[in-house]
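Ligands are counted one by one from 1 in listed order, and the atoms in each one are counted from 1 as well.
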Amino acid sequence: VTACADMVVRPCAAVRGILRVPGDKSISHRAAMLGALAEGETVIEGFLESDDCLGTLNAMAALGAPWERRGGRIAIRGVGGRPAPPSGPLDLGNSGTGLRLLAGIAAGQPFVTEFTGDASLRSRPMGRIKEPLERMGAGVELLGPGGTAPLLVRGGALTGIRYRLPVASAQVKSCVLLAGLFARGPTTVEEPRRTRDHTERLLEAMGVGVRREGDAITVEGAGPRRPRLAPAARAVPGDFSSAAFWMAAAAAREGCEVRVEGVGLNPGRTAFLEVLRRMGAEVNVAAARGADSEWEPRGDVTVRGGRLDGTEVGGDEIPNLIDELPLVAVLGAMAAGRTVIRDAAELRVKESDRIRAMAAGLAAFGVPVEETPDGMIVSAPAVLRGGGEVHSRGDHRVAMALAVLALAADAPVRVRDVACVDTSYPGFWDDLERLRG
Ligand code: S3P
């Protein structure tokens, strides 16, 4: 099945099967960037060849690190810590991770880099990276209205800083740490809430020291010398956030069972499993062993469906399941009682305003839903009404979450504008067909 403008999702009685999902998006971005900065060649297995991550690979090629496909893997020729000036603007498409992390690297280079992206990316807040990068000594000009991209990063001699993140964001943390690699002295980032640590793990795996003390993470900068990253052959695990769609599809209905194999289980990403358990789903995890698992934990997750109860999600849990919150809303629409999401105002500045997009999507199914400034309150309707249409608003996770809900509706549902799914999960519609049996 190829993704087209719209997709009509027919309901099904049960979702069953065993599958693997494509590689982790967050880890693939980082592997592309750090592989490109390393000395010599980095070979990556399981790299996510989605629009977002290919965009990052191509941006790194524009900075002097060409890549090629080799037997199902991606091979990158690293620049040894010395990127070359790009000949034009770097277009990161839909990807906030691509743009924000790369801006950190660009800040440490003795040239100007221009970044741009699609309409969604050009609407997302970039002041959050401008502030710390300027404190380190870079110049960051936000050319879009209200502190948005396109942006110009004037790199140069950076000095390490100690920076407390105003919002819990792995992208901003990573941006500052990556700039810190090129700075004079140590750079420390303090997190108000723990976020995913893929950058830290990969840096350590490549031989760069990373210190963690409480909520502070420190890297030692190379200053005028270049940071040295050791290349390695690595296997990226399946993306937990992609696997979560099938876990949710199975969780709320009797007779459903899905096993996702080889999926990433980084403890900074798996709070959704706790939410599933809390709601009453049966969740089994079999952790894998081996060198790759020491770098990034992985294993098989089996979810067996049943009747769910509503739950509350907020506080420290939020960064750990930020990308799964559309699915928490979907589960809320199938669970007894109320499901409350709070402390999640960040959802409003993702690829779309995910609070608004999900509330509108759920309402189209007849789901009682109330939007709040930092979340939503969802209850199950008497019947999950199909027959209508919902809109992705160009947001891949909204499109997929609403498609999952449509599987349980009483009639087919048209999901509008689903090409965006390719930014993170090429093959989603094929997997959906397979699991519906
Ligand atoms: C990501 C961090 C999160 C997440 C995004 C990927 C990353 O964003 O939502 O999908 O790879 O660092 P924020 O850092 O903006 O919360």
* Counting only heavy atoms not in Arg193, do more than 12 sit closer than 6.0 Å to its CZ atom? ->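 Counting other residues, nucleotides and ligands, CZ of Arg193 exceeds 12 neighbours.
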* Asked: With a cut-off of 6.0 Å (strictly less than), are more than 12 heavy atoms of other residues, nucleotides or ligands near CZ of Arg342?
  -> yes
* Mind running salt bridge (charged side-chain N to carboxylate O under 4.0 Å, His left out) on Asp431 and Arg20 for me, showing each step along the way? => CA-CA 9 Å; Asp431 286 345; Arg20 285 179 178 265; over 6 Å; no
* **Near ligand 1, at a heavy-atom separation below 4.0 Å: residues by chain and residue number** => Ser26, Arg30, Thr97, Ser169, Ala170, Gln171, Arg196, Ile322, Asp323, Lys350
* Positive for salt bridge (charged side-chain N to carboxylate O under 4.0 Å, His left out) with Arg212, one of Glu204, Glu200, Glu191 -> Glu204
* N/O donor-acceptor pair under 3.5 Å between Ser174 side chain and Thr199 backbone -> no
* State yes or no: are the ring centers of Phe428 and Trp246 separated by less than 6.0 Å? => yes
